[in-house]
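Written out below as structure tokens is the structure these notes cover.
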Amino acid sequence: MVLQFFKYQGTGNDFVILDNRQESFPKNNTKLIAKLCDRRFGIGGDGLILLENDNMSDFKMVYFNADGAESSMCGNGGRCMVAFSKYLGIIKHETTFMAIDGLHKATIKGDIVTLKMGDVKEVKKKAMYSFLDTGSPHHVQLVNNLNKFDVQKEGAKLRYGLYGKSGSNINFVEQLDDNSFEVRTYERGVEDETLSCGTGVTAVAIAMHNNGKTTSDLIKINTLGGNLEINFEKKDDSYINIFLKGPAKQVYKGEIVC
């Protein structure tokens, strides 16, 4: 089998993307998906995404982790899918698309994609961390000297030890100024640190606001792969009209023999 693929990245969070509108890709073949995401024996990526037809919106996004398992919402992946749908001529400057957590609206200008995320109804605050769901589950924890922090070791410890088999993404955060934060994320499914995580930085922005670390509704986040912005509205105990903004770019396209 020969597959045509596209490689996209959003602040270093990279994805293998396939046009599956003909529904020819074997979605149940977890070994194939894992192989395509393998950086030595395949194309390489933090995940694989299929673009499919949808009768309610412009397209459907189906996201798989690098281990081959279908996963929850991916913010940077969603932004890359908007860029890909524009490349295919499906959309022009704005879109509504379906993902595993429901419909998402987005706009694209140049290589900057602004994606509307789902509302957050609850932030669970603990003594040392916060936990919330921004389309995917996220643990958010402030640390000192983030640049020297062992994200792989400490992230894996929390991902398995605190959250069990189902796991959670783990975000370590250091505040830079009133509305700016630096973030490093250990992602479940990848089972390693990634250069950026869209649902993760969204979770960080909301958790920092909820914990009184900032009063701003426009949060700037620095990741290892680049900079992102999150803005939102707080309504009672919920956060609504949440938008994730940043670059999404095609890196290359090609064919692979499977």
Would you say [X] and [Y] make side-chain contact, with heavy atoms under 4.5 Å?
X	Y	result
F25	I33	yes
C74	T199	no
Y129	L162	yes
I170	Y163	yes
F97	L115	yes
L36	L48	yes
M208	Q175	no

* Stepwise side-chain hydrogen bond (donor to acceptor under 3.5 Å, both in side chains) check, Y87 with K253 -> CA-CA 12 Å; Y87 170 81; K253 61 181 179 180; 3.0 Å; yes

Are there over 12 heavy-atom neighbours, none belonging to [X], within less than 6.0 Å of that residue's [atom1]?
X	atom1	result
M56	CE	no
K105	NZ	no
D177	CG	yes
E94	CD	no
K245	NZ	no
K124	NZ	no
N28	CG	no
Y252	OH	yes

* **Derivation and outcome, side-chain contact (heavy atoms from CB on, under 4.5 Å), residues L244 and V201** => CA-CA 9 Å; L244 171 66; V201 299; 3.7 Å; yes

* Given the rule in the side-chain hydrogen bond (donor to acceptor under 3.5 Å, both in side chains) test, do T95 and D58 qualify, once you have shown the distances and angles that lead to the verdict? -> CA-CA 7 Å; T95 183; D58 293 324; 2.7 Å; yes

Approximate separation, where rounding is to 0.5 Å, of [X] [atom1] and [Y] [atom2]:
X	Y	atom1	atom2	value
C258	L3	SG	CG	4.0 Å
I91	S85	CD1	OG	3.5 Å
T96	L103	OG1	CG	7.0 Å
L132	K121	CG	NZ	14.0 Å
H138	S72	NE2	OG	7.0 Å
S196	L224	OG	CG	9.0 Å

If you compare all heavy atoms of [X] against all heavy atoms of [Y], which two are closest, and at what distance to 0.1 Å?
X	Y	value
P137	F131	CB-CZ, 3.6 Å
G12	D46	O-OD2, 4.0 Å
E229	K220	OE2-CE, 4.0 Å
K60	N53	CB-O, 3.9 Å
A248	R79	CB-O, 3.7 Å
V151	E193	CB-OE1, 3.7 Å

* Decide yes or no on side-chain contact (heavy atoms from CB on, under 4.5 Å) for F181 and T214, but give the supporting numbers first. => CA-CA 10 Å; F181 299 85; T214 180; 4.2 Å; yes

Whether the side chain of [X] engages the backbone of [Y] through a donor-acceptor N/O pair (distance < 3.5 Å, no angle test) should be reported.
X	Y	value
N20	L51	no
S216	I219	no
T223	L195	yes
N171	H139	yes
S57	F59	yes
H104	K116	yes
E233	Y239	no
D133	S136	yes
T202	G198	yes
N169	R188	yes

* Sort out for me which residue in D111, V113, T11 forms a side-chain contact (heavy atoms from CB on, under 4.5 Å) with K249. => D111

* To do: May I have the step-by-step check of side-chain contact (heavy atoms from CB on, under 4.5 Å) for V140 and V173, ending in yes or no?
  => CA-CA 7 Å; V140 177; V173 187; 3.8 Å; yes

Below 4.0 angstrom, N of the basic side chain to O of the carboxylate: do [X] and [Y] qualify?
X	Y	answer
R21	D19	yes
K7	D14	yes
R159	E191	yes
E154	R184	no

Flag yes if [X] and [Y] sit in one hydrophobic cluster, no otherwise; membership is Ile, Leu, Val, Met, Phe, Trp, Tyr, and two members link when side-chain heavy atoms are under 4.5 Å apart.
X	Y	value
I256	V251	yes
M128	L158	yes
M117	V204	yes
M73	F243	no
F5	V82	no

* **Parallel, tilted or perpendicular: rings of F232 and H209 (30°, 60°)** => perpendicular

* Candidate pair N211 and S130, rule side-chain contact (heavy atoms from CB on, under 4.5 Å), full reasoning -> CA-CA 9 Å; N211 280 307; S130 294; 2.9 Å; yes

* Asked: Are the ring centres of Y8 and F15 closer than 6.0 Å?
  -> no

